[in-house]
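Here the structure comes first, spelled out in structure tokens, and everything after it is commentary.
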Amino acid sequence: MEVNGAVSIPDTGNSRFLIVSHQTGGIVDLLRFVVSGNEESADKFLQYSDGGVVEHLQRADDSGRGGGGAVPDHRWIIFVSVIVRKLIAIFGKPMEWFGYILEFILNLLSLNGNFFGLFYNILHGKVVMPQRGSETFISAIGHLDGRINLYKSETLNKEIGEPDFWQKNVQLGIGHRALMDLCMMASKLAYENAKVVQNVVNIHWKMHFVDFYNCWNDFQKEMSTQVFILCDKPKDANLIVISFRGTEPFDADDWITDFDYSWYEIPKLGKVHMGFLEALGLGSRAKASTFHEQLFMNNLKFTKLENDATIAPSESSESSTTFNDSDGQSVSDQSSDSERLTDTGSKKFKLDIPERTAYYVVRSKLKRLLKEHSNAKFVVTGHSLGGALAILFPTVLVLHEEMNVMERLLGIYTHGQPRVGNRQLGRFMEAHLEHPVPKYFRVVYSNDLVPRLPYDNKTFLFKHFGICQYYNSLYIEQNVDEEPNRNYFGLRFLIPLYLNAWWELIRSLAMGHMYGSEYEECWESVLLRALGLFLPGISEHSPVDYVNSIRLGKKTSAQMSSL
């Protein structure tokens with residue numbers, strides 16, 4: 001329902017939430033809660049909007065299993081979630097330092113021709129030092145998979161411009177393989193800094209880099225959400241790609257978000273993962289009312305600004321959002337966040353939090369691009385956490401009744417995406433993404449841990465939706481409703497899980513011989529496979545297998561292997 005052209009604001013009294021905090025309460029409190037369901041202990045790390053959190057969880061658990069039994073599932077799930085997040089938080093700084101040093105060493109080696117080249121350059125005083133943030137500084141993810149070029153890029157660039165390309169893509173159902181590869185490669189590229197992204201898009205892909213954004217997360221109080229936008233060409237574009245950065249391997253906050261079970265219920269929409277809403281800049285659990293303010297109150301204010309002005313983001317890597325109603329081109333602004341002011345005629349105003357959050361920044365830029373390129377359609381993509389943001393972005397567009405924008409949506413392609421909400425949310429979005437043809441595709445590789453998070457049981461009710469394109473470790477693809485071993489911790493999958501990790505390690509040594517030099521795995525990737533022998537499911541989350549799945553994937557009518 002709209003009021004004066006804007007989305008009506010629901011009553012905040014109907015909004016519910018559950019916050020599972022790892023920052024308060026001790027191990028003793030957690031053990032007391034697990035063993036006896038002690039409410040006093042539970043209150044130290046659980047917060048429920050209606051109070052009585054233990055009774056709420058117990059009712060939900062009993063309704064799912066008929067009451068009785070040993071320790072209810074929800075206690076074990078909360079215990080694991082809190083313990084894992086506490087451990088990640090403890091090692092957060094060491095993880096960050098280790099990642100910083102590791103990336104420096106990897107870049108030092110690559111820039112100097114690896115070990116022997118570095119030794120030679122040291123002897124001759126010609127060592128090339130890595131410069132973080134430069135177009136030659138590659139992330140740890142980039143070193144795992146050094147492939148840059150697209151799959152049949154010339155064919156893709158040519159076919160995108162054909163009048164019947166979109167109709168052909170729709171008829172193919174799951175999509176054009178070269179387009180799927182573009183989405184996966186863009187998801188992988190999102191882990192790089194802005195200069196690397198721009199260089200790859202413009203020079204290697206022969207496309208048009210639009211902008212790169214560092215966006216505000218009000219709960220973390222930092223610019224911790226990254227996203228970039230590209231077009232297939234600078235003028236009369238036919239395709240716009242929005243790519244969100246995923247879980248960074250040495251970022252403790254990202255991993256804590258993946259293992260979080262907190263949710264916020266949006267009236268008429270459903271329960272949504274609270275951490276992912278925060279990553280889009282749509283609220284903070286520190287003050288739950290901010291979710292309503294960002295989703296509804298600030299939407300009204302921001303929509304008015306959109307109608308009165310044009311967003312033109314900074315071209316720097318620390319992209320800002322600026323409004324200029326007299327000039328639709330990008331405006332470079334190198335000033336700090338506290339000093340970023342914008343001219344609007346003779347008036348100046350300082351940007352507030354909503355204008356620096358991922359959802360509002362990307363929405364405004366997208367609307368301007370769609371207006372500028374009248375024939376263009378857009379896709380949204382991401383890997384890991386980036387996949388969660390990729391599906392939530394259009395979800396909030398629908399909530400805000402941005403139907404003119406949604407009509408131009410070609411597809412949503414996510415890779416290794418965690419669950420984002422409950423069944424009600426899935427039904428809400430399926431009504432908008434399944435007709436007249438499916439537009440949302442979830443790519444999952446083998447035993448990847450992240451798509452099995454957060455836990456899906458009768459208490460927490462986190463559910464996937466959309467088409468799941470599942471690839472086993474032989475790169476055989478099958479469309480399924482849910483990936484096998486949906487909660488990862490199933491005992492009957494334990495032995496196959498470890499056997500598969502051994503198989504993938506052995507396979508990594510022979511990929512070049514099996515499929516060609518393009519698929520030969522580097523020593524960093526092989527080392528990650530070895531780590532997978534101890535932590536199965538982590539190595540399968542690597543973008544290496546997602547790129548391989550799309551390029552090597554083959555369908556079969558035979559029974560899907562457990563591998």
Side-chain angles (χ1 to χ4, degrees), residues 148-170 172 175-190 192 194-213 226-244 306 310-315 319 321-322 324 327-332 358 361-382 386 390 393-394 397 402-413 437 439 441:
I148 294 176
N149 294 327
L150 299 175
Y151 177 82
K152 298 182 178 179
S153 59
E154 294 182 0
T155 302
L156 176 63
N157 286 332
K158 180 181 177 181
E159 292 184 358
I160 286 176
E162 294 179 357
D164 60 346
F165 173 76
W166 306 125
Q167 183 178 356
K168 288 181 179 178
N169 192 72
V170 167
L172 287 172
H176 193 291
R177 191 169 293 273
L179 177 61
M180 292 176 62
D181 181 73
L182 169 62
C183 288
M184 180 57 226
M185 292 297 283
S187 299
K188 183 166 76 79
L189 186 60
E192 307 301 332
K195 290 183 179 179
V196 172
V197 173
Q198 184 172 11
N199 182 63
V200 170
V201 171
N202 290 345
I203 297 176
H204 294 272
W205 295 358
K206 309 298 182 186
M207 294 185 177
H208 174 60
F209 171 77
V210 175
D211 218 325
F212 183 98
Y213 305 89
Q226 288 74 32
V227 55
F228 77 89
I229 303 176
L230 67 86
C231 295
D232 64 312
K233 51 188 177 181
K235 300 292 183 182
D236 300 320
N238 295 295
L239 178 66
I240 300 167
V241 178
I242 301 169
S243 179
F244 288 92
E306 284 181 322
T310 302
I311 281 196
S314 165
E315 295 175 349
S319 184
T321 304
T322 56
N324 192 326
D327 185 0
Q329 300 300 314
S330 291
V331 178
S332 180
V361 168
V362 174
R363 185 184 84 174
S364 295
K365 184 61 179 179
L366 174 61
K367 290 169 78 171
R368 190 168 73 86
L369 286 171
L370 291 174
K371 184 177 180 180
E372 180 182 347
H373 305 286
S374 58
N375 294 320
K377 291 185 180 292
F378 74 99
V379 297
V380 194
T381 190
F393 175 71
L397 286 178
E402 295 284 353
M403 296 311 174
N404 290 335
V405 176
M406 289 297 294
E407 287 174 1
R408 308 276 291 275
L409 174 67
L410 177 65
I412 304 162
Y413 294 89
V437 293
K439 293 184 178 181
F441 305 101

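Side chains are part of it too, since the values below use all heavy atoms of this structure and drop only hydrogens, waters and symmetry mates. All values derive from a computational prediction rather than experimental measurement. FYI, the numbering just counts along the sequence from 1.
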Hey, what do you get for [atom1] ([X]) to [atom2] ([Y]), rounding to the nearest 0.5 Å?
X	Y	atom1	atom2	value
Arg408	Leu370	CZ	CG	4.5 Å
Tyr413	Met180	OH	CE	6.5 Å
Leu409	Glu402	CG	CD	13.0 Å
Lys371	Leu366	NZ	CG	13.5 Å

Hey, which of Leu239, Ile240, Val241, Asn238 is the one that makes side chain to side chain contact (heavy atoms under 4.5 Å, CB included) with Leu410?
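That would be Leu239; it is the only one of Leu239, Ile240, Val241, Asn238 passing the side chain to side chain contact (heavy atoms under 4.5 Å, CB included) with Leu410.
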
List the atom of Cys231, the atom of Val210, and the distance in Å for their closest heavy-atom pair.
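The pair with the smallest heavy-atom distance is SG-CG2, 3.6 Å.
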
Could you tell me whether the side chain of [Y] reaches within less than 4.5 Å of the side chain of [X], counting heavy atoms only?
X	Y	answer
Ile229	Asp211	no
Lys235	His373	no
Ile412	Lys439	no
Met207	Leu182	yes
Trp205	Asp232	no
Val201	Val197	yes
Arg177	Tyr151	yes
Phe378	Leu369	no

Return yes when atom CG of Asn202 has more than 12 non-hydrogen atoms of other residues, nucleotides or ligands closer than 6.0 Å, and no otherwise.
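Buried by this count: over 12 neighbours within 6.0 Å.
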
What I want to check is whether the side chains of Thr381 and Ser187 have a donor and an acceptor closer together than 3.5 Å.
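Judged by distance alone, the side chains do pair up.
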
Using 30° and 60° as the class boundaries, would you call the ring planes of Phe228 and Phe212 parallel, tilted or perpendicular?
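The rings of Phe228 and Phe212 lie parallel, inter-plane angle below 30°.
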
N/O donor-acceptor pair under 3.5 Å between [X] side chain and [Y] backbone:
X	Y	answer
Asp181	Leu150	no
His208	Lys233	no
Ser243	Ala190	no

CA sep, side-chain torsions, deciding dist, call: Asp236, Asn375, side chain to side chain contact (heavy atoms under 4.5 Å, CB included)
CA-CA 7 Å; Asp236 300 320; Asn375 294 320; 5.9 Å; no

